[in-house]
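Worksheet for the structure shown next.
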Amino acid sequence: MRRHYPQHRVIRPMGHQGNHGRLAASALFLAGLGLLLFNLVASIPFGHAPLHVGRAILERASGETGADNIVTAILLGYRGLDTLGEVTILFTAAAAAGMVLASAGRGQAQGEDAGFIFRTAAWMLFPFLLVVGAYIIIHGHLTPGGGFQGGAILAAAFFTPLLASPASPFNHRVATLVEGFAGLAFIVIGLLGMLGGGQFLTQLFGKGAPGALFSAGSLPVLYLAIGLKVGSELAGLMASVFGGKEKA
Amino acid sequence: MMTGLILHASAIGLLLTGIYAIAARRHLMRNILGLAVLESGANLLLVAIGYRQGGHAPILVAGQTPGPMVDPIPQALVLTAIVIGFGVLALALALVVRVKENYGTLDNREVAERLRAESREARS
Amino acid sequence: MTPALPAIIYPVALPLMGAFLLPIAARSLPELAGALGRVVVLVSMAVSAMLASSVWSSGPAVSAMGGFAAPLGIVFYADRLAMLFVLALHAGVFLFWPRGRGENAGAFTLMLTLLGGGSGLALSGDLFNIFVFYEIAAVASYGLAASGGGRAGYAAAIRFLILGSLGSTLALVGIALVYGATGTLNLADLARLAPRMLNNPLGLSAFLLLLIGFGVKAELTPVNTWAPEVYGAAPARVAALLAGVVSKLAIVVILRFLVLAFPMPAARAALLVTGILGVIAGELAAWRAPNLNQAFSYSSIAQLGMVAMAFSISGPAGIAAGVALALHHAVVKPAFFMLADRWRAPLESLKGAAKDSPLAAGLFVLLSLSIIGIPPLPGFWAKFLFLKAAMASSWSLVWFAAAVMLAATVVEAAWLLRAISAFYASAPQSAPRPPRPGMEHLGPALALGALLLAAMIFTAPLGASINALADEAGGAQAIAARVLDKGE
């Protein structure tokens, strides 16, 4: 049924096949496109583009959300729905990749164990990465950083040991649980905002003192949910790509 | 002025490199890397558009003299776009693994030809 | 003035909650995973129907996410057009829900995120937010294209993904240009600024970039090469859903851009030209296609080209015609894909299929007559609305488009009649019997056929409703006032 095709066919880059006419044509096309794009972009004055919504947000963000980091105020406040969508895309991609890689008939392509030194170092890094990740997540509304960056570090904490020794078990069940409930928490926080006559994602708690850890209403809570979700998703995604063993 | 020129030129250069790698190259891995390059071009352009003359990072720090800040919206958009790009890239790599396993090649054109031949075959 | 209706987030929030929880449920209750997903779709559909009835009776509703006033935050804007396609998407997802149980949990999850993303696409009133929801729907579709498990699915999906992501990134460049020129992303705000700030080469380029990006999903020429590959390789249910409903959502979004942010003749001309090219290329390719599945893939490209042609006519008449064409195609094409799933062999070996499966062949004839445009079937009225709008327009390119559509109808009729005459021909004694569509194919197809007949009976009220919808969706400044002047 399944035909056998020769494996490892070498693909030569285009230019080396003597196809110079084609190469010249694409160079000409790209040059034209570049010129066009450059003219377009040049019509937006650099450093002086219209600051319409941006100015309003710069003036009001601190008062309206209580966050010192205005980018965070936008990500979780003004454009919080974008962030929910972004987490959803990551979730969807992880689900799709998991589905694609999980289907039957896939050989176990596992890497080799990296040896004692790497294994030990990976586990020694583990607590530090956890602490740094957690710190970056919970300070996201005050300083650069936040749920995505911190989540990526959390994922690295779990994933570095797996890189060092691919045979070590990875608990997909826990990752699925954290991932699902963190995503649910984001939406539930949003829906709770609608209880008092507000809209989806309306702030829940007081804004607090500027610069304090417990400030900016529900933004830090949202970031915590994002951090956990991103962390579990990235770790799960990497584990399914690299074939980490399922731990029941 | 010079900064703007450099930023715009690099953004457009990245965009063109990405388009070339996707449209003119046949290797699926090159196509996917082209996507990544294209995306960084778009992101760089977005950040450059948000720059204000003499502005600093849009974070309020106690004791700082109030001055102009750069437009925070493009920065937030770029953060979102980077994560979106990452998700798409991960899915693309997963699919590439399966294509290589099943077809034994990553030549985009060859894969397309076999796909066409397979859809022509009667399936019942 | 316009009622704030926070509940319009539910068609997005409910499916996404379901999607997040489904993998957990599938681990502990694999037998029930599919049923649970269907329940989520039904609940969300019921809530959407309630919202739609409120929009129909008391006019469009607005919700500013997070309570941040309109141009600063993201706004959801629910009018009849948006609610109609939200409901259509729910119906499509329910009807074409993947088969199987826990082992298929990945596909169930993707269906739910597709539902949430698609609903957001129809409801959102913010340029970048629309991009985000479009990407959710796109990533879910890449995954669903590969969900059949066959190797063709993987190949079709990766090629779809590369083209789709190239398009979305170019759309992102377009969004960056719009933001650089105006400083806002809110479509209602853009409706006010566009005549002054986007009526220039920059605005036209931004529209073209958005057209490339969103045109991938809307199967616009030339970014539709994925369609025949994916529809040939993916499960028939996925092909039916993508061709039937998801592509319509993308083209409705393009209509919103055109009406609100790019009200200039050059942008309309660009959409019209891609539509004309799509109709010509699609029907000619369908005529030469090796089997029915491929023919329907190409004809879907042509049908979406017709919708694009209709949407490019300025004024409510064009919108009404486009919506009618889109709805008709959303009913007919999925049914065709279901019927043709077992009939993928070349036509010669399908001789005598009508004898073994008379119901399926009869339904095939009914659907063909409607898509060709034989009165009194709904397909006739949709094409009639388009011709009427084209004739009323003073734009000579639209008259050419109308002529192209008539010629395409002849080609379409020719290849459909070729298939029908094969079904009703007598088979040679020695030949093997052609396969019969099973109940899993016939069920959804019959439901859609019944819907088509119902639409034929209620043509008059349906037409009035579509006209009201088009009036509402075509008034850019009225939409801007509803979104921006709330409570002032």
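Each chain gets a letter, A, B and so on, in the order its sequence line appears, and its residues count up from 1. As the structure is a computational prediction, the values presented were derived from the model and not from experiment.
Interface residue A/Ser43: only side-chain heavy atoms are found under 4.5 Å from chain C. Only the side chain of A/Phe91 comes within contact range of chain C, with at least one heavy atom under 4.5 Å from a heavy atom of that chain. Looking at C/Ala19, both its backbone and its side chain come within 4.5 Å of chain A, counting heavy atoms on both sides. Heavy-atom distances place both the backbone and the side chain of A/Leu201 under 4.5 Å from chain C. Only the side chain of C/Leu193 comes within contact range of chain A, with at least one heavy atom under 4.5 Å from a heavy atom of that chain. Of the atoms belonging to A/Phe186, not a single heavy atom falls under 4.5 Å from chain C. Using a 4.5 Å cut-off between heavy atoms, A/Arg55 does not touch chain C at all. C/Tyr10 touches chain A through its side chain: at least one heavy atom from C-beta onward sits under 4.5 Å away, while N, CA, C and O do not. For C/Ser147, the parts lying near chain A are the backbone and the side chain together; criterion is any non-hydrogen pair under 4.5 Å. Contact annotation for A/Glu179: neither backbone nor side-chain heavy atoms come within less than 4.5 Å of a heavy atom of chain C. For chain C, no part of A/Ile74 is nearby; none of its heavy atoms comes within less than 4.5 Å. Within the 4.5 angstrom heavy-atom criterion, atoms from both the backbone and the side chain of C/Phe128 approach chain A. For C/Ala181, the part lying near chain A is the backbone, with the side chain staying farther off; criterion is any non-hydrogen pair under 4.5 Å.
A/Leu40 places a side-chain heavy atom less than 4.5 Å from the side chain of C/Leu177. Contact of the C/Phe68 side chain with the A/Thr65 side chain is registered, since non-hydrogen atoms from C-beta on lie closer than 4.5 Å. In this structure, the side chains of A/Ile187 and C/Phe20 come closer than 4.5 Å at one or more pairs of heavy atoms. At a threshold of 4.5 Å between non-hydrogen side-chain atoms, the residues A/Phe200 and C/Ile8 do not count as touching.
Atom CG of C/Asp126 and atom OH of A/Tyr78 lie 14.5 Å apart (nearest 0.5 Å). Between C/Ser28 atom OG and A/Leu177 atom CG the span is 8.5 Å, to the nearest 0.5 Å. One finds the CD1 atom of A/Ile89 at 5.0 Å from the CD1 atom of C/Ile136 (value rounded to the nearest 0.5 Å). Note that CG of C/Asn129 is 4.5 Å distant from CG of A/Asp82, once rounded to the nearest 0.5 Å. Annotation: the span from C/Ile9 atom CD1 to A/Leu81 atom CG amounts to 5.0 Å, rounded to 0.5 Å. A distance of 3.5 Å separates NE2 of A/His52 from CG of C/Asp189, quoted to the nearest 0.5 Å.
Contact record, A/Pro50 with C/Met197: CG-CE, 4.5 Å, taken as the closest heavy-atom pair. Between C/Leu110 and A/Ala95, the shortest heavy-atom distance links the atoms CD2-CB, 4.4 Å.
Per-residue counts of heavy-atom pairs under 4.5 Å with chain A were compared for C/Leu21, C/Leu144, C/Thr109; the largest is that of C/Leu21. In terms of heavy-atom pairs under 4.5 Å with chain C, the best-connected choice from A/Gly193, A/Pro45, A/Gly77 is A/Gly77. The choice from C/Ile74, C/Thr182, C/Val132 that makes the most heavy-atom pairs within less than 4.5 Å of chain A is C/Ile74. Among C/Thr113, C/Leu22, C/Leu72, the residue making the largest number of heavy-atom pairs under 4.5 Å with chain A is C/Leu72. For chain A, the option among C/Gly116, C/Gly67, C/Gly180 with the highest count of heavy-atom pairs below 4.5 Å is C/Gly180. Chain C forms the most heavy-atom pairs under 4.5 Å with one residue out of A/Met194, A/Lys229, A/Arg60, A/Arg79, and that residue is A/Arg79.
The number of heavy atoms from other shown groups lying within 6.0 Å of CZ (A/Phe29) does not exceed 12.
Within the 3.5 Å criterion, the main-chain N or O of C/Ala64 finds a donor-acceptor partner in the side chain of A/Gln199.
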- Task: Give the intermediate values and the outcome of side-chain contact (heavy atoms from CB on, under 4.5 Å) for residues A/Thr88 and C/Val139.
- Result: CA-CA 10 Å; A/Thr88 307; C/Val139 172; over 6 Å; no
